[in-house]
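The structure appears right after this line, and notes come after that.
Below, chains carry the letters A, B, ... as their sequence lines are ordered, and counting in each starts from 1.
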Amino acid sequence: MPELPEVETTRRGIEPHLAGRRIAAVAVRQPKLRWPVPADLAEQLVGQRIGAVLRRAKYLLIPFPAGTLLMHLGMSGSLRIIQGDEPPGYHDHVDLVLDDGRALRLHDPRRFGAVLWVNGDVTVHPLLAGLGPEPLSDAFDGDYLYARSRRRRAPVKSFLMDGRVVVGVGNIYANEALFAAGIRPDRAAGRISLARYRRLADEVKRVLAHSIEQGGTTLRDFVGGDGKPGYFKQELLVYGRGGESCKLCRELLIETRLGQRSTVFCRRCQR
DNA sequence: ATAATCACCTGCTCGC
DNA sequence: TGCGAGCAGGTGATTA
């Protein structure tokens, strides 16, 4: 479910309900996520007051004086605010119970998500230390992409989805941004001009920012922290449309596989 | 260093 | 209706 816009939508949805609250209890019904949920999580969190909910890449971070709660939604995770007496359903693995009788509940069928406690400076944690710039920051632009891509033979789509290059560009938005920029996803990253990378960086920013405005892309049952679905899906131009006709030129869209990921493009509009 | 593949896990759709 | 195959929004670990 979650790409960057969905994670950001979640962050915006839950933060107002968490800020200022103290954590009254922690319930872990299934500790086997991507990594084990720490057995001493409650000891770190109970009694602590939440100030803010931050995001770095697709990680959600809740900082405390002694360390940071780090969460990731993986492929199928979602977070929502519930009334504390709502009984947990199947795949409702973790609750952070708040002092106002509500709770933050993690639901994650595939369990690729994570809930970790990081002591001290979270930015030097191995999961975060090597990450590339945020796509919506000024550090990410066409000149940066061009410089990082020289002599790289991997497909530009794989390059764009590499978190060490830039974070937060998942499969949906990589497909969409490459279509918008008119670049074939299987072109070698090192063989694309500066001008075209400038266009690509602009389209990545535009597509992500617009999707965040729409509340993310709802596939299956994603809902933001406020329970509202995302509205971006209806605007997807290529993702999930393999075999259908291009909305710009009517050519049949090609669906292939790059780096094990479903890839859709138009061979007329993208070169 | 870079590129490709594997792995984690459940649920759903498809073809037979 | 049942069953195996393949696929799904991510990304760290492992292998060439």
Side-chain angles (χ1 to χ4, degrees), chain A residues 1-11 29-37 55-60 70-79 89-94 106-116 118 125-132 135 147-177 185-191 207-208 211-212 214-224 229-236 238-243 255-264:
Chain A
M1 167 261 297
E3 287 210 26
L4 185 138
E6 290 71 40
V7 177
E8 178 61 20
T9 297
T10 296
R11 189 194 71 74
R29 287 172 288 272
Q30 169 58 277
K32 292 181 179 176
L33 302 185
R34 170 118 201 220
W35 298 281
V37 177
R55 180 186 60 74
R56 170 71 174 114
K58 293 171 189 165
Y59 294 94
L60 288 169
L70 179 155
M71 293 182 286
H72 197 287
L73 300 178
M75 289 273 263
S76 59
S78 59
L79 286 167
Y90 200 36
H91 300 314
D92 286 342
H93 305 313
V94 178
L106 173 70
H107 176 85
D108 186 5
R110 290 176 74 178
R111 289 193 271 129
F112 289 172
V115 177
L116 297 173
V118 179
H125 189 276
L127 289 173
L128 302 187
L131 294 177
R148 285 292 305 263
S149 62
R150 292 311 86 188
R151 280 177 295 288
R152 290 189 65 158
R153 286 181 294 192
V156 60
K157 178 164 176 265
S158 306
F159 172 72
L160 193 58
M161 292 178 68
D162 183 343
R164 293 163 303 183
V165 173
V166 57
V167 302
V169 185
N171 198 36
I172 295 178
Y173 299 104
N175 278 298
E176 294 297 316
D186 57 353
R187 180 173 289 274
R191 304 194 50 143
V207 169
L208 289 176
S211 180
I212 291 170
Q214 300 297 305
T217 303
T218 292
L219 303 175
R220 301 201 165 79
D221 59 352
F222 171 78
V223 291
Y231 290 98
F232 190 71
K233 182 171 194 244
Q234 57 211 40
E235 301 185 28
L236 296 176
V238 288
Y239 181 82
R241 300 193 63 247
E255 176 146 17
T256 62
R257 214 137 247 285
L258 278 181
Q260 337 284 78
R261 309 308 296 276
S262 165
T263 301
V264 185

* Across the strands shown, which category fits A/Lys58 at heavy-atom distances under 4.0 angstrom: base, sugar-phosphate, nothing? -> sugar-phosphate
* Structure fact -> Rounded to whole Å, the CD1-P distance (A/Ile172 to C/dG10) equals 7 Å
* Take A/Gly259 and A/Arg148, find for each the nucleotide of DNA chain B with the closest heavy atom, and name the residue whose nucleotide sits nearer the 5' end. => A/Arg148
* Taking only the side-chain nitrogens and oxygens of A/His72, find out if one of them lies under 4.0 Å from OP1 or OP2 of C/dG10. => no
* Asked: Checking all strands, does A/Phe159 fall into the base, sugar-phosphate, or nothing category for heavy-atom contacts under 4.0 angstrom?
  -> nothing
Dump the pairs, protein N or O against N or O of nucleotides 12-16 of chain C, anything under 3.5 Å, distances to one decimal.
residue, atom, partner, partner atom, Å
C/dG12, OP1, A/Tyr59, OH, 3.1
C/dG12, O4', A/Arg34, NH2, 2.7

* Asked: Once you round to the nearest 0.5 Å, how far does OG1 of A/Thr263 lie from CG of A/Asp186?
  -> 8.5 Å
* **Length of the CE-P vector between A/Met161 and C/dA8, whole Å** => 11 Å
* Asked: With nearest nucleotides of DNA chain B determined for A/Arg152 and A/Phe112 from heavy-atom distances, which residue corresponds to the more 5′ nucleotide?
  -> A/Arg152
* Structure fact -> Value for CZ (A/Arg111) from CH2 (A/Trp35), rounded to nearest 0.5 Å, stands at 15.0 Å
* Nearest-Å distance, CG (A/Asp108) to P (B/dT10)? -> 11 Å
* **N-O pairing of A/Arg152 and A/Asp162 below 4.0 Å** => yes
* Distance-minimising heavy-atom pair for A/Ser76 and A/Pro109 -> O-CD, 3.4 Å
* Taking A/Arg11 for its side chain and A/Leu60 for its backbone only, find out whether a donor-acceptor pair lies under 3.5 Å. => no
* To do: Give A/Arg151 one of three labels, base, sugar-phosphate or nothing, depending on what nucleic acid heavy atoms sit under 4.0 Å from its own.
  => nothing
* Asked: Are there more than 12 heavy atoms of other residues, nucleotides or ligands under 6.0 Å from atom CZ of A/Arg150?
  -> yes
Taking N or O atoms only and anything under 3.5 Å, show me the protein contacts with nucleotides 3-6 of chain C, one pair per line.
none

* Asked: Which value, rounded to the nearest 0.5 Å, describes the distance between A/Glu6 atom CD and A/Ser211 atom OG?
  -> 5.5 Å
* Structure fact -> Whole-Å distance, A/Asp162 CG to C/dG10 C1', equals 13 Å
* To do: Determine: side-chain N/O of A/His91 to OP1/OP2 of B/dC9, distance under 4.0 Å, yes or no.
  => no
* Asked: How close do A/Val264 and A/Gly240 get, heavy atom to heavy atom, and via which atoms?
  -> CG2-N, 4.4 Å
* To do: Scan A/Ser262 against the nucleic acid and name what it touches under 4.0 Å (heavy atoms): base, sugar-phosphate only, or nothing.
  => sugar-phosphate
* Asked: Going by heavy atoms in the side chains, are A/Pro135 and A/Val167 under 4.5 Å from each other?
  -> yes
* **Sidechain-backbone polar pair: A/Glu3 side chain, A/Ile172 backbone, donor-acceptor under 3.5 Å** => yes
* Which whole-number value in Å describes the distance from A/Leu73 CG to B/dC9 P? -> 18 Å
* Length of the line joining A/Arg257:CZ and C/dA8:C1', which is rounded to integer Å -> 9 Å
* Expressed in whole Å, how much space separates the P atoms belonging to C/dC3 and B/dC9? -> 23 Å
* To do: Check DNA chain B for consecutive Watson-Crick or G-U pairs with both distances under 3.5 Å and list the runs of at least three as stems.
  => B:2-8 with C:10-16, B:10-16 with C:2-8
* Taking atom types as they are modelled, is there a donor-acceptor pair under 3.5 Å from the base of B/dC9 to the side chain of A/Arg110? -> yes
* Taking atom CZ of A/Arg153 as the centre, report whether more than 12 heavy atoms of other residues, nucleotides or ligands fall under 6.0 Å from it. => no
* To do: Provide, to the nearest angstrom, the distance between the CZ atom belonging to A/Arg261 and the C1' atom belonging to C/dC7.
  => 11 Å
* To do: Taking the side chain as every heavy atom from C-beta outward, state whether A/Leu236 and A/Arg241 have any pair of such atoms under 4.5 Å apart.
  => no
* Do any N or O atoms from the side chain of A/Asn171 and from the backbone of A/Ser262 form a donor-acceptor pair under 3.5 angstrom? -> yes
* Structure fact -> Separation of C/dG9 atom C1' from A/Lys157 atom NZ, nearest Å, is 12 Å
